[in-house]
There are 2 protein chains.
Amino acid sequence: MKIDPQFCRVDDGLDTILGKWKIPIILYLLKNQTMRFSDLQKVLPEISKKMLSKNLKELEEDDLITRTVYPTVPPKVEYSLTEHGKELEDIIDSLHKWGLRHQ
Amino acid sequence: MKIDPQFCRVDDGLDTILGKWKIPIILYLLKNQTMRFSDLQKVLPEISKKMLSKNLKELEEDDLITRTVYPTVPPKVEYSLTEHGKELEDIIDSLHKWGLRHQ
DNA sequence: CAGTATCCACCCTGATACTG
DNA sequence: CAGTATCAGGGTGGATACTG
């Protein structure tokens, strides 16, 4: 036994990637390096602005992504993964393979 | 890039371990092999019967755990992980280590 | 463009009581 | 012991309109 359930609660960091949209967002950022708000809306057409905004804010607070604002008109905002966020790639990949192994 | 976000949606199997209680339940079953309903209630004192029941049912439907009923009086029900469920150990471990690395 | 504000419906969850 | 039934509440998410 590697980890004691007493010391692995959901808030250990797992909830930072919980939810319907966070993993897809992370995957798109892994693929594209940098994306604007509207880019994410295009590839995730079913998410509402509200939810996208909320998820990006939470991911930023959890230091998984970086938000860069260019003070132009119209405004331009770019999102990209932090190193900590990029470290999730192998784990998400394992999770994905695990999911596929069982139908 | 290993996985295409187009092909890694949350319902790929990730939602089978989503939620507040499923990972802790899996971890306890990894540790103890077999547990009764009341055993799980003891180690997870904050979960209600209703939620525990619901989570166990979903985990069973997703083939992560097995439910064994002994037709005795009083009834005895045991839960244990399937092979598919046990395969999650390394992934949860990685996730946990990843979470700990960052504060 | 990149959000926020507002309103509203719904679902998830908790508490309690009940059952086989 | 191992649940289910019922009711109530609070938070979550969607739709739309608005803003800098």
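Lettering follows sequence order; numbering is per chain, from 1.
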Legend entry - Pairing nucleotide - C/dG20, Watson-Crick or G-U, each distance under 3.5 Å: D/dC1
Legend entry - Polar side-chain atom of B/Asp39 near backbone of B/Arg36 as donor-acceptor pair, under 3.5 Å: yes
Legend entry - Same apolar cluster: A/Tyr70 and A/Val73, side chain cutoff 4.5 Å: no
Inset, instruction - Could you check how far CD of A/Glu78 sits from C1' of C/dA2, rounded to whole Å? - result: 13 Å
Inset, instruction - Determine the interplanar angle of the A/His84 and B/Trp98 rings, folded into 0 to 90°, and report it as parallel if under 30°, tilted if 30 to 60°, perpendicular if over 60°. - result: parallel
Legend entry - d(CG, B/Leu52; P, D/dT4) in whole Å: 10 Å
Legend entry - Pairwise 5' ranking along DNA chain D for B/Lys42 and A/Lys54, keeping only the more 5' one: B/Lys42
Legend entry - d(CG, B/Asn55; P, C/dT13) in whole Å: 8 Å
Inset, instruction - Taking only Lys NZ, Arg NE, NH1 and NH2, and the carboxylate oxygens of Asp or Glu, determine whether B/Glu83 and B/Lys86 approach each other closer than 4.0 Å. - result: yes
Legend entry - Distance in angstrom units between A/Gln41 CD and D/dG14 C1', rounded: 14 Å
Legend entry - Integer-rounded Å distance: C/dT16 C1' and B/Lys49 NZ: 11 Å
Legend entry - Side-chain N or O of A/Ser48 closer than 4.0 Å to phosphate OP1/OP2 of D/dG14: yes
Legend entry - d(OH, A/Tyr79; C1', C/dC1) in whole Å: 11 Å
Inset, instruction - Kindly say if A/Ser53 contacts the phosphate of C/dA2, meaning a side-chain N or O under 4.0 Å from OP1 or OP2. - result: no
Inset, instruction - Answer yes or no: is there a donor N or O on one side and an acceptor on the other, between the side chain of B/Ser94 and the main chain of A/Ile91, under 3.5 Å? - result: no
Legend entry - G-U wobble or Watson-Crick pairing nucleotide for C/dC7 (cut-off 3.5 Å, both distances): D/dG14
Legend entry - B/Ser38 side-chain N/O to D/dA2 phosphate OP1/OP2 under 4.0 Å: yes
Legend entry - Nearest-nucleotide comparison on DNA chain C, the residue closer to the 5′ end among A/Lys57 and A/Pro75: A/Pro75
Inset, instruction - Measure from CZ on B/Arg36 to C1' on D/dA2 and round the result to the nearest Å. - result: 9 Å
Legend entry - Separation of atom CG in A/Leu59 from atom P in C/dG3, rounded to whole Å: 13 Å
